[in-house]
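These values consider heavy atoms only, across backbone and side chains, with no hydrogens, waters or symmetry-generated copies.
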Amino acid sequence: MRGAVIPVDSPFPWWVLLLVLLMGQAEAQVSEQETPYLIPQTVYVGDRARLVAPLGPAFSNVEAFIMEGTEAFRPSEDLIINRIAVEHRGGQTRLLIDFIAYRPGVLELPPLGIPSLALRGFPVSGIQVHITSILSGDSLVLSPAVPPLVVPGTITLIYGTVASLVLLALLGLGIRLWGRGSLQQLGECFRRWRLIRFMKKRLQHLRTMVEGAADGHDAGELLALVSSEFRGFLTLFTGINCRALAAGEFTGLPPLVVCDTQAPDDQGIVTGTFLAGIFRRCDTLRFSGTGISREALLDMLDGLEHFIDALEEVEKQSHRGKGAPLQGALAPKGAA
């Protein structure tokens, strides 16, 4: 059977077939042109995106407008529309929808309240967009744990703490080997030396007060102050309440410093007998009923300073004989 040939003068017009083919191709191009698309192509959760929907020639006479906020849609927890606009550009009419999605997957946009589009057959509801999760594929695998950060100065703090603990342990061992008796003796020596140094400075201050005062009533008050200050020093130095002792009772005081190498000149000074003589002179001046001269006060201060100097020297000799560690510390400032 031979192929059928349609003659030109046949009742079936061949140009109709050509017209049908051209219309189908044009319709395919229009359909492809009117397909909505996203900007960017891949939208992640939380990203700001735009849906562009070409409207075609049927919407060319739609008036351009812009809606922002919630004027044209109902609020949704999964998707928020920020802006809706219709624009005419390059001979084309496009619908622009700016949105932010907060859930991955296929989401449906809320119904758009745009009557001008609904009257021309545009689907104002049921528009869907695909949202990609940033936690997909390899990103679902947790990364290795980050190594701990070292705070600046941590190494120095650790080494310093270890060194302090070692020193404390050595100190405790030294205390046990040396003995509490030696430490107590050392503390007592240091206490007596501080008392002597304090009394020397106090006597210098009292001398300045006496030299600046006039004879008469002020001298009597200064004499009482000198006597009270010195009795307080002896109370702290000996551990005996010397404030309540009469002048003659000082002769019964035990030796203030026990020293085998005491110099002969100091033997008669650092004694209770010497102190008894000083306080007898003080009582005589206070209760004689006559005025107290500045020279008498200065002479008494000379005797007290001589006693303190001798006491300091005897204290140093005592610790030299015992080999005490405070031997150098007990030396007065400026001594050779």
Is it the case that the side chain of Ser228 and the backbone of Ala224 share a donor-acceptor pair, with hydrogens and angles ignored and the cut-off at 3.5 Å?
no
Any side-chain heavy-atom pair from Tyr102 and Ile131 closer than 4.5 angstrom?
no
With hydrophobic residues grouped by side-chain heavy-atom distances under 4.5 Å, do Phe198 and Leu225 end up in a single group?
no
I'd like to know whether Leu107 forms a side-chain contact (heavy atoms from CB on, under 4.5 Å) with Phe99, so could you lay out the CA-CA distance, the side-chain angles of the two residues, the decisive distance to 0.1 Å, and finally the verdict.
CA-CA 11 Å; Leu107 302 182; Phe99 65 92; over 6 Å; no
Would you please classify the geometry between the Phe250 ring and the Phe279 ring as parallel, tilted or perpendicular, with 30° and 60° separating the classes?
parallel
Is it the case that more than 12 heavy atoms not belonging to Phe287 sit under 6.0 Å from its CZ atom?
yes
From Leu38 atom CG to Arg50 atom CZ, the distance as rounded to the nearest 0.5 Å:
12.0 Å
Using a 4.5 Å cut-off on heavy atoms from C-beta on, say whether the side chain of Ile240 contacts that of Leu253.
yes
Step by step, work out the side-chain contact (heavy atoms from CB on, under 4.5 Å) result for Ile196 and Ile308.
CA-CA 7 Å; Ile196 292 174; Ile308 291 296; 4.1 Å; yes
Mind checking the CZ-OG spacing from Arg243 to Ser227? Nearest 0.5 Å is all I need.
10.0 Å
Among the clusters formed by ILVMFWY side chains lying less than 4.5 Å apart, do Leu167 and Leu173 turn up in the same one?
no
In short, Thr251 meets Ala276 closest at the heavy-atom pair CG2-CB, 3.7 Å
Where do Leu51 and Pro36 come nearest, in terms of heavy atoms and distance?
CD1-CB, 4.1 Å
A quick test of your reading: do over 12 heavy atoms of other residues, nucleotides or ligands sit less than 6.0 Å from CD of Gln128?
yes
Euclidean distance, His205 NE2 relative to Lys201 NZ, rounded to 0.5 Å
13.0 Å
How about Glu229 and Leu203: do any of their side-chain heavy atoms sit closer than 4.5 Å?
no
Minimal non-hydrogen separation, Leu298 against Glu211, with atom names:
CD2-CG, 4.0 Å
Looking at Arg207 and Leu301, what are the two nearest heavy atoms and their distance?
CA-CD1, 3.6 Å
Between the main-chain N or O of Leu236 and the side-chain N or O of Arg191, is there a donor-acceptor pair closer than 3.5 Å?
yes
Just verifying a value: how many Å separate Phe237 CZ and Arg194 CZ, rounded to the nearest 0.5 Å?
14.0 Å
Spacing of Ile84 atom CD1 and Asp98 atom CG [to the nearest 0.5 Å]
9.0 Å
Do Met300 and Leu285 have side-chain heavy atoms sitting under 4.5 Å apart?
yes
How close do Ile81 and Leu79 get, heavy atom to heavy atom, and via which atoms?
CG1-CD2, 3.8 Å
Can you find a pair of side-chain heavy atoms, one from Met209 and one from Leu206, that are under 4.5 Å apart?
yes
Does the pair Phe233 and Leu304 meet the rule for a side-chain contact (heavy atoms from CB on, under 4.5 Å), with working shown?
CA-CA 11 Å; Phe233 162 74; Leu304 294 179; over 6 Å; no
Walk me through whether Cys242 and Glu249 qualify under side-chain contact (heavy atoms from CB on, under 4.5 Å).
CA-CA 9 Å; Cys242 297; Glu249 293 177 337; over 6 Å; no
From Arg48 CZ over to Ile80 CD1, what is the distance, rounded to the nearest 0.5 angstrom?
10.0 Å
For Thr132 against Pro104, the heavy-atom pair lying closest together
C-CB, 4.4 Å
Measuring only between side-chain heavy atoms, which start at C-beta, is Glu87 closer than 4.5 Å to Ile66?
no
Is there side-chain contact between Met199 and Phe230, with heavy atoms separated by less than 4.5 Å?
yes
State whether the side chain of Arg89 and the backbone N or O of Arg94 hold a donor-acceptor pair below 3.5 Å, judged by distance alone.
no
Would you say the side chain of His130 lies within less than 4.5 Å of the side chain of Val43, judging by non-hydrogen atoms?
no
